[in-house]
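Please read the structure below before turning to the comments.
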Amino acid sequence: QLQASGGGLVQAGDSLKLSCAASPHTSKSYPVGWFRQAPGKEREFVAGLSWSGRGTHYADSVMGRSAISRDNAENTVYLHLNSLTPEDTAVYYCAAVTGPLLSGSYVYTTTTDYDIWGQGTLVTVSN
């Protein structure tokens, strides 16, 4: 139901745009989030978007150099990452919340909140 893409091998300082395409029957109004998992580490929250689109939240590690957005016409969510460093190397996952929702501006930030997950796309940042 969610297909992540856009990963690859990039140089430190580069920018990247990750895409998360939802299947046609997946609601365009779900809260969505991006997570990442580096080798040997737990999956961590990166960025999230509320179901209304009015709320966004970013992890401290990407604050100020990332942006999450949604294109309802394409039913796709994007994550722009700038000024990449080797510490950004990870498998990036997109996810959605389909259960009972809180307010239109609420952003979910924990893995247990999300119940639909994409397959992940690998981002490798080299020096």
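Looking at residues two or more places apart in sequence or on another chain, you find a side-chain contact (heavy atoms from CB on, under 4.5 Å) between Tyr106 and Leu102, Ser103, Tyr108. Remark: Thr112 engages Thr110 in a side-chain contact (heavy atoms from CB on, under 4.5 Å) (not counting sequence neighbours). Residues passing the side-chain contact (heavy atoms from CB on, under 4.5 Å) test with Glu44, sequence neighbours excluded: Arg36. Partners of Ser69 according to the side-chain hydrogen bond (donor to acceptor under 3.5 Å, both in side chains) rule, which considers only residues two or more places apart in sequence or in another chain, do not exist here. By the ring-ring contact (aromatic ring centres under 6.0 Å, His included) test, Phe35 is found to be paired with Phe45, Tyr114, Trp117, residues two or more places apart in sequence or in another chain being considered.
For the atom pair OG of Ser105 and CH2 of Trp51, the computed distance is 8.5 Å after rounding to the nearest 0.5 Å. Atom-to-atom distance recorded for Asn75:CG and Ser23:OG is 7.5 Å, nearest 0.5 angstrom. Distance SG/Cys94 to CG/Leu49: 12.5 Å, rounded to 0.5 Å. Of the inter-residue distances, the one linking Asp14 atom CG with Leu84 atom CG reads 7.0 Å to the nearest 0.5 angstrom.
For residues 39-83, the set of pairs meeting the disulfide bond (SG atoms under 2.5 Å apart) definition, not counting sequence neighbours, is empty.
Hydrophobic cluster membership differs between Tyr92 and Val97, with clusters built from Ile, Leu, Val, Met, Phe, Trp and Tyr side chains linked at under 4.5 angstrom. Residue Val32 is grouped with residue Val46 when hydrophobic side chains (ILVMFWY) are merged at heavy-atom distances under 4.5 angstrom, including chains of intermediate members.
Summarising the local packing, CG of Asn72 is surrounded by more than 12 heavy atoms from other residues, nucleotides or ligands at distances under 6.0 Å.
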The test is side chain to side chain donor-acceptor pair (under 3.5 Å); show your working for Asp71 and Thr76 and say whether it passes.
CA-CA 5 Å; Asp71 183 333; Thr76 300; over 6 Å; no
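Of all the heavy atoms in Ala38 and Thr89, the pair that sits closest is CB-O, 3.6 Å.
Between the side chain of Arg65 and the backbone N or O of Asn82 there is at least one donor-acceptor pair closer than 3.5 Å.
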